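Structure first, then comments.
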Amino acid sequence: MELNRRHPWELTPVEAVALQRELRTEIIADRPINLSAVHLVAGVDVSVKHERSRAAVVIVTYPGFLVVEIATAERPTPFPYIPGLLSFREGPVLEEAFEKLKAEPDVFLFDGMGTAHPRRIGIASHMGLWLQRPTIGVGKTRLCGTNAPLAEEKGAHVPLVDRGETIGAVVRTRTATHPLFISPGHLADIPSAVDLVMGCSPKFRLPEPIRLAHNAAGAF
DNA sequence: GCGACAG
DNA sequence: ATCTTGTCGC
């Protein structure tokens, strides 16, 4: 699909942080996603094998989770893993995979953070600017922020707060399992992000689209 | 200075 | 993320 707000990826860590500070002003993280209008959801994931990175984008129907399209891309890993700069490591391969996409998903689910990031621009927010479509960050572990104790039951969720600001939610998608760190990427808000993630997690801890993308990216 | 730190 | 066997629990 069409990619907007492109910019070069070849940056030093210091330049990358400066770019994040510029881009963060363009992110919209207070707009609800109309769930009743969501029919196609994309799961996005990247696996790294030595010096090579492989991206997979799996589009499924919602609800139902029937696979509609799978796009993959592979290329050299261009940037080291630095907490807070994940998009500069995974962005290049994702760009290539997104360009191959024929269908246009109503929302994208990312393996990583959205606004639940030190500078409020995790990979879901960053790529959301490129895609100009609703995106949601689904993290398996915490990058920043704190939260109150969370009930063990599926569906339980509490605010994720950083420096006095609510940046997302800690959500239990399955009873008695580690929670997920959900945050809006771009063109979404916290409540609807939580609702959609719960709606995409009928059985397992990870949302169905992300599980499928994880499998597609992991099979080198 | 010290601890934390998505994937 | 990746390296890896068995094992606890529904």
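The structure presented is a predicted model; accordingly, all values stated were derived computationally and were not measured. Every chain is numbered from 1, with letters handed out A, B, ... down the list of sequences.
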Inset, instruction - Would you indicate whether the side-chain heavy atoms of A/S47 and A/R54 approach each other to under 4.5 Å? - result: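 Counting from C-beta outward, A/R54 and A/S47 do come under 4.5 Å.
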Send over the distance from [X] [atom1] to [N] [atom2], rounded to a whole Å.
X	N	atom1	atom2	answer
A/Y81	C/dC3	OH	P	17 Å
A/D162	B/dA6	CG	P	14 Å
A/L86	B/dC5	CG	P	16 Å
A/N147	B/dA4	CG	P	16 Å
A/F79	B/dA6	CZ	P	15 Å
A/K49	B/dG7	NZ	P	18 Å
A/F204	C/dC10	CZ	C1'	13 Å
A/K154	C/dC10	NZ	C1'	14 Å

Inset, instruction - From the options B/dC5, B/dA6, B/dG7, select the nucleotide whose nearest atom is closest to the side chain of A/R142. - result: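 Closest nucleotide among those given: B/dC5.
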Inset, instruction - Select one nucleotide: of B/dC5, B/dA6, C/dA1, the one nearest the side-chain heavy atoms of A/S47. - result: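 That would be C/dA1.
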Under a 4.0 Å N-O cut-off, is there an ion pair linking [X] with [Y]?
X	Y	result
A/D106	A/R133	no
A/E208	A/K203	no
A/K140	A/D111	yes
A/R52	A/E74	yes

Base, sugar-phosphate, or nothing for [X], non-hydrogen atoms under 4.0 angstrom?
X	value
A/L180	nothing
A/G139	sugar-phosphate
A/G137	nothing

Phosphate OP1/OP2 of [N]: any [X] side-chain N/O under 4.0 Å:
X	N	answer
A/T141	B/dC5	no
A/K140	B/dG7	yes
A/H50	C/dA1	no

